[in-house]
Amino acid sequence: MLTRLVNFFLPHGSRTRTYVARQKVRIKRHRVFAFDTRRYNTYRHIYYRTQIVPAVSETVKFSIVVPCFNTSVFYLNQLLDSVYAQKYSNWELILVDASSIDKISSQIELLSQNDTRVRYLKIINQGIAANTNVGIEAASGDYVCFLDHDDTLDPGALAENALVINKHPKADLIYSDEDKIDDSGEYYSNPHYKPGFSIDLLRSVNYITHFVVTRIDLVKEVGGIRLGFDGAQDYDFLLRIVDKTRHIYHIPKVLYHWRQAEGSTSRDFNLKKNV
């Protein structure tokens with residue numbers, strides 16, 4: 001795992017044989033734990049400053065659906081910044097606002113006016129599944145992406161997915177690796193490096209979680225997010241999607257940052273009361 005981490009974070013011009021050899025020695029000395037926990041944040045920030053995003057045709061349009069409910073403006077600003085920072089420009093961001101506090105709704109609507117690719121939809125809260133479906137129905141892209149209202153994307157997230165689609169035009173479902181960010185959005189930790197697609201593993205646990213990118217035609221074919229599964233709606237959705245296709249691809253890069261906010265299952269899975 002450490003070798004993969006080193007290769008991923010180092011910019012191409014800095015991947016010297018000496019450096020990699022030194023890291024391999026550290027692996028042999030059983031210092032993986034120290035590297036992974038104490039230096040991951042450092043390497044994550046280095047990667048942000050030095051990453052090289054692949055050149056890719058922008059013929060594919062992504063619809064990023066974000067259900068909002070009394071969303072912190074601090075979180076939403078970071079989410080928006082991460083979308084605006086995308087190295088791939090053919091996208092739309094659909095903010096489905098079911099907030100119960102008028103002041104927060106006004107703030108979300110105001111923030112949505114900074115870019116014409118952002119669409120704001122105010123609705124009455126019907127639960128996460130129904131709220132997400134409103135965004136899916138409004139989507140005009142070729143692929144639907146799901147982003148939680150307090151999380152962020154890596155700047156290369158859409159470009160990396162577009163690269164996969166360009167190479168595999170029949171791609172129906174694409175997922176990537178993820179990590180956690182703290183409440184401030186500055187500290188990265190707990191990278192989740194996922195395996196390639198395994199139906200047996202997925203039937204045992206939702207190891208895919210984020211970042212999910214799905215062809216919109218297939219999303220509509222399975223009926224979108226199924227009502228009555230709030231709390232496990234994403235897992236139910238994935239199981240129904242993979243039952244319809246085998247054109248599934250994994251991007252072995254951390255492209256999604258799951259916030260460890262107060263009350264989030266990223267901190268404590270026991271908070272998932274409906275599962």
Side-chain angles (χ1 to χ4, degrees), residues 60-69 91-96 98 121 123 125-151 153 157-158 160-162 164-165 167-178 192-252 255-256 258 264-266 269-275:
V60 174
K61 182 178 180 179
F62 295 100
S63 296
I64 308 171
V65 175
V66 182
C68 301
F69 181 77
W91 53 262
E92 65 175 354
L93 176 65
I94 303 173
L95 301 177
V96 183
L121 303 177
I123 65 170
N125 183 32
Q126 301 177 63
I128 184 63
N131 296 351
T132 304
N133 282 335
V134 172
I136 292 173
E137 287 301 317
S140 62
D142 304 293
Y143 285 80
V144 175
C145 320
F146 300 100
L147 176 60
D148 290 347
H149 67 163
D150 51 1
D151 298 341
L153 294 178
L158 296 183
E160 293 287 353
N161 277 274
V164 171
I165 295 168
K167 291 181 178 178
H168 307 283
K170 292 184 179 181
D172 285 323
L173 173 67
I174 309 169
Y175 66 97
S176 48
D177 296 345
E178 63 188 273
H192 180 194
Y193 299 120
K194 305 166 189 176
F197 179 68
S198 167
I199 186 61
D200 292 327
L201 180 59
L202 185 62
R203 285 171 177 166
S204 301
V205 61
N206 182 10
Y207 73 92
I208 291 179
T209 55
H210 317 104
F211 178 48
V212 172
V213 176
T214 314
R215 188 185 299 275
I216 193 166
D217 294 341
L218 184 57
V219 174
K220 292 183 177 181
E221 180 183 338
V222 301
I225 309 300
R226 188 155 54 167
L227 303 184
F229 285 80
D230 288 10
Q233 74 285 341
D234 49 352
Y235 192 14
D236 172 73
F237 172 76
L238 284 170
L239 290 173
R240 288 184 291 116
I241 287 289
V242 301
D243 193 45
K244 295 289 186 178
T245 182
R246 288 298 177 263
H247 299 292
I248 302 168
Y249 297 89
H250 168 230
I251 301 174
L255 302 180
Y256 190 98
W258 190 6
S264 170
T265 54
S266 63
F269 187 76
N270 291 321
L271 294 171
K272 198 70 117 167
K273 296 178 181 179
N274 294 326
V275 178

Listed by chain and number, what are the ring pair (Phe, Tyr, Trp, His ring centres under 6.0 Å) partners of Tyr235, not counting sequence neighbours?
none
Please test Asp177 against His250 for side chain to side chain contact (heavy atoms under 4.5 Å, CB included), starting from the C-alpha separation and ending with a verdict.
CA-CA 8 Å; Asp177 296 345; His250 168 230; 2.8 Å; yes
Side chains of Pro195 and Leu201: does their closest heavy-atom pair fall under 4.5 Å?
yes
Sub-4.5 Å side-chain heavy-atom contact between Val66 and Ile94:
no
Do any side-chain atoms of residues 241-248 form donor-acceptor pairs under 3.5 angstrom with protein atoms, and if so which ones, sequence neighbours left out?
residue, atom, partner, partner atom, Å
Thr245, OG1, Asp172, OD2, 2.6
Thr245, OG1, His247, N, 2.9
Arg246, NH1, Val242, O, 2.3

Among all residues two or more places apart in sequence or in another chain, which pass the side-chain contact (heavy atoms from CB on, under 4.5 Å) test with Val219?
Ile136, Thr214, Phe237
The test is side chain to side chain contact (heavy atoms under 4.5 Å, CB included); show your working for Thr132 and Phe146 and say whether it passes.
CA-CA 9 Å; Thr132 304; Phe146 300 100; 3.7 Å; yes
In Å and rounded to the nearest 0.5 Å, what is the CD1 to OH distance from Ile174 to Tyr249?
9.0 Å
Let me confirm one number: the SG-CG distance from Cys68 to Asn125, rounded to the nearest 0.5 Å.
11.5 Å
Mind checking what makes side-chain contact (heavy atoms from CB on, under 4.5 Å) contact with Asp148, not counting sequence neighbours?
Asp150, Asp151, His210, Tyr256
Heavy-atom pair of closest approach, residues Leu255 and Ala157
O-CB, 3.8 Å
Note: Cys145 and Leu158 closest approach over all heavy atoms is SG-CD2, 4.2 Å
Taking all heavy atoms of Ala129 and all of Leu227, pick out the closest pair and write down the distance.
CB-CD2, 4.0 Å
So CD1 of Ile251 and CG of Asn161: to nearest 0.5 Å the spacing works out to 4.0 Å
Between atom CD1 of Ile216 and atom OG of Ser63, what is the distance when rounded to the nearest 0.5 Å?
5.5 Å
Check whether any side-chain N or O of Arg215 sits under 3.5 Å from a backbone N or O of Leu173 as a donor-acceptor pair, and report yes or no.
no
In the structure I gave you, are the side-chain heavy atoms of Ile199 and Arg203 within less than 4.5 Å of one another anywhere?
yes
side-chain contact (heavy atoms from CB on, under 4.5 Å) involving Ser140 - partner list, sequence neighbours excluded:
Lys61, Glu92, Arg119
Does Phe62 form a side chain to side chain contact (heavy atoms under 4.5 Å, CB included) with Asp142? I'd like the steps, not just the answer.
CA-CA 6 Å; Phe62 295 100; Asp142 304 293; over 6 Å; no
Hey, what do you get for CD1 (Ile165) to CD (Glu160), rounding to the nearest 0.5 Å?
12.0 Å
Contact check, side chains of Tyr207 and Leu202, non-hydrogen atoms, under 4.5 Å
yes
Between Tyr175 and Phe197 (side chain of the first, backbone of the second, donor and acceptor by atom type, cut-off under 3.5 Å), is there such a pair?
yes
Under 4.5 Å between any side-chain heavy atoms of Val65 and Leu147, yes or no?
no
Side chains of Glu178 and Thr209 only: does a donor on one sit below 3.5 Å from an acceptor on the other?
yes
To check you understand the geometry: which heavy-atom pair defines the closest contact between Asp230 and Gly127, and what is its length?
OD2-CA, 3.5 Å
Under the side-chain contact (heavy atoms from CB on, under 4.5 Å) test, which residues partner Gln126, sequence neighbours left out?
Ala130, Asn131
CA sep, side-chain torsions, deciding dist, call: Leu121, Leu95, side chain to side chain contact (heavy atoms under 4.5 Å, CB included)
CA-CA 6 Å; Leu121 303 177; Leu95 301 177; over 6 Å; no
